[in-house]
Amino acid sequence: MAVFVTRRIPAEGLRVLSQAGGCRVQQWDSEEPVPRAELLAGVAGKRGLLCLLSDRIDREVLDAAGPGLKVISTMSVGFDHLALEEIKKRGIRVGYTPDVLTDATAELSVALLLAACRRLPEAVEQVKNGGWTTWKPLWMCGYGLSDSTVGIIGLGRIGQAVARRLKPFGVKKFLYTGSCPKPETAAEFEAEFVPLMRLAEESDFVVVTCALTPATQGMCNRDFFGRMKKTSVFVNTSRGAVVNQEDLYDALAHGQIAAAGLDVTTPEPLPTDHPLLSLKNCVILPHVGSATYATRSTMAVLAAKNLLAGLRGEPMPHELLL
Ligand SMILES: O=C(O)[C@H](O)CO
C-alpha cells in the first residue's frame, strides 16, 4: 500500500504508518509545503494520500494520482482545500481530524479576542519603544467582556468551546447564527439564534468559527461591518475567505469597528506589505489555532489512523461522509 505524505508531520503520526505492515511511505520531508510539481509526481500511483490544509487537492492532483488512489486523509478539521465533488465521483474516501483540535483552537480564539480587545500587542510595543512614560488614566484603554454580548458565527464544536470558555468572563448574552438553529446545543449558553445582520448589530464581540463553504464565503463584508458597533471587536479563527478583507480593512481604518483579531487570512501567509498589517487595531496570527505540541501530535496520529483504516477498507475513526 503505497502512500504519499505531503509534509514533515509529528513523529507519532509517521510512526503509526511505518509500524503498519505493508504500508510504503513516501514523504515530502520538509517544514515547507510540497511544490506543486513534487506533489503531482509524489502522488502518482499511490493508494493513499496524507495531506494538509495548505495542499490544494483538485482534479489535477487526482488525475496525477490515477485510479489507484482510494483514500485521502487530511490532517485538519477543515476540508475546503479538497475538491469534494471530484473526490466523491471517483469513489475516494476522505478522513479528517475533528474534535482533537477543538480545545486548542478555542483557547487560541479566546487569547486572540483578549489580545485584540485589550490591545496587547500595542501595549507590549509601547513598553519596548519608550511609549510607557507613566500610568495614564486614558491610555491604552480597550473593551472588556464583562456584561457584553458575544455573537458566534457557527456554533459547531469550536464555537461551543469558545462560548464555554468566554462565559466565565461575565458575558451577559450569547447570540449565534448558522445554517439552522441548534436549540439543544445553544441551551448550555442560553444562546439566541439570530439572523447574521442582527448578530452584527447587537454583538460587542463577533467570533467566526464556521466552516468555509460557498454560503459562508465573503459573508463578513461591507454590509456586515457597517452594521457592527464602533466599539465592537471582530475575531476570525475559521478561514480567511469567510471575510472580505478589503471591507474589513476599511471598517478598521475608518473606525467603523474597534478592532479585529485574525488567525486566518487570504492568502496565507499574508504578504508582509498587506494593508491590514499597517493597522494598530488589527492583531494577526499565522494560523496557529491548533498549534500545541499535544494537539498537533494527536492530529497526526488520527490522520495516520484514518489513512490506514481507509486503505484496509475498515471504518475510519473520522471519515467525512461525502
Ligand atoms: O482546519 C484545521 O485543522 C485548522 O484550521 C488548523 O488547525
Side-chain angles (χ1 to χ4, degrees), residues 1-84 86-105 157 287 289-322:
M1 296 186 298
V3 303
F4 186 61
V5 178
T6 65
R7 194 80 65 87
R8 187 175 301 156
I9 60 170
E12 296 82 355
L14 212 59
R15 210 171 294 132
V16 170
L17 293 181
S18 53
Q19 285 173 355
C23 192
R24 264 181 301 114
V25 179
Q26 183 185 333
Q27 183 185 24
W28 179 254
D29 187 15
S30 166
E31 288 279 339
E32 300 307 317
V34 58
R36 189 76 179 170
E38 299 285 348
L39 171 61
L40 297 176
V43 79
K46 299 295 187 296
R47 204 170 167 77
L49 172 64
L50 194 156
C51 65
L52 308 185
L53 59 89
S54 47
D55 304 315
R56 189 166 39 83
I57 307 301
D58 55 12
R59 183 193 292 225
E60 187 186 26
V61 174
L62 301 174
D63 285 345
L69 185 68
K70 296 294 171 225
V71 193
I72 297 172
S73 172
T74 182
M75 193 183 127
S76 63
V77 64
F79 41 81
D80 48 281
H81 54 299
L82 307 177
L84 293 182
E86 198 60 38
I87 289 171
K88 185 177 175 185
K89 242 191 265 169
R90 298 175 193 227
I92 298 169
R93 293 172 67 190
V94 175
Y96 70 136
T97 62
D99 296 335
V100 297
L101 48 72
T102 298
D103 287 348
T105 308
R157 287 174 287 254
H287 202 150
S290 63
T292 71
Y293 292 112
T295 301
R296 290 286 167 83
S297 165
T298 310
M299 288 168 73
V301 168
L302 178 53
K305 288 184 173 169
N306 280 337
L307 187 68
L308 285 178
L311 291 170
R312 291 172 177 150
E314 294 167 2
M316 290 184 190
H318 278 291
E319 180 160 1
L320 191 62
L321 298 173
L322 302 178

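Values reported hereafter were calculated over all heavy atoms of this structure, with side chains retained and with hydrogens, waters and symmetry mates removed.
- For the side-chain contact (heavy atoms from CB on, under 4.5 Å) test, residues two or more places apart in sequence or in another chain that qualify with V71 are L307, L311, M316.
- Listed by chain and residue number, R7 satisfy the side chain to side chain donor-acceptor pair (under 3.5 Å) test with S54 (two or more places apart in sequence, or in another chain).
- Taking the side chain to side chain donor-acceptor pair (under 3.5 Å) definition, one finds that T102 meets it with nothing, sequence neighbours left out.
- Only one option out of L14, L17, T6 pairs with L50 in a side-chain contact (heavy atoms from CB on, under 4.5 Å); it is L17.
- When the side chain to side chain donor-acceptor pair (under 3.5 Å) test is applied to S30, no partner is found at least two apart in sequence or on another chain.
- When side chains are defined from C-beta on, K46 does not count as touching V3, because their heavy atoms never get closer than 4.5 Å.
- Contacts of R47 classified as salt bridge (charged side-chain N to carboxylate O under 4.0 Å, His left out), with partners at least two apart in sequence or in another chain: none.
- With sequence neighbours left out, the salt bridge (charged side-chain N to carboxylate O under 4.0 Å, His left out) criterion links E319 to R93.
- Applying the salt bridge (charged side-chain N to carboxylate O under 4.0 Å, His left out) rule to pairs touching residues 58-76 yields R36-D58, R36-E60, R56-D58, R59-E86, D63-R90, sequence neighbours excluded.
- Residues passing the salt bridge (charged side-chain N to carboxylate O under 4.0 Å, His left out) test with R296: none are found, sequence neighbours excluded.
- Between the CD1 atom of I57 and the CG atom of L84 there is a distance of 11.5 Å, given to the nearest 0.5 Å.
- Within the 4.5 Å cutoff, side-chain heavy atoms of P35 are placed close to those of W28.
- Judged by distance alone, the side chain of S297 and the main-chain N or O of Y293 form no donor-acceptor pair under 3.5 Å.
- Atoms CG and CG, on L49 and L39 in that order, are 7.0 Å from each other to the nearest 0.5 Å.
- Nearest heavy atom pair, residue V301 against residue V16, reads CG1-CG2, 4.1 Å.
- Listed here is the closest heavy atom pair of P98 and L302: O-CD2, 4.2 Å.
- Considering only residues two or more places apart in sequence or on other chains, D80 meets the side-chain contact (heavy atoms from CB on, under 4.5 Å) condition with L212, R239.
- For the atom pair OG1 (T298) and CE (M75), the distance works out to 9.5 Å, reported to the nearest 0.5 Å.
- When the side-chain contact (heavy atoms from CB on, under 4.5 Å) test is applied to S76, the partners found at least two apart in sequence or on another chain are L53, T74, H81.
- F79 CZ to L322 CG: the interatomic distance, rounded to the nearest 0.5 Å, is 9.0 Å.
- Put simply, the side chain of S73 gets close to the backbone of A303: a donor and an acceptor are under 3.5 Å apart.
- For N306, there are no side chain to side chain donor-acceptor pair (under 3.5 Å) partners, not counting sequence neighbours.
- Between G21 and M1, the shortest heavy-atom distance links the atoms O-CE, 4.1 Å.
- Atom CD1 of I72 and atom CG of L82 lie 6.0 Å apart (nearest 0.5 Å).
- Under the salt bridge (charged side-chain N to carboxylate O under 4.0 Å, His left out) criterion, the residue pairs touching residues 15-33 are R8-D29, with sequence neighbours excluded.
- Contact record, A300 with P10: CB-CD, 3.7 Å, taken as the closest heavy-atom pair.
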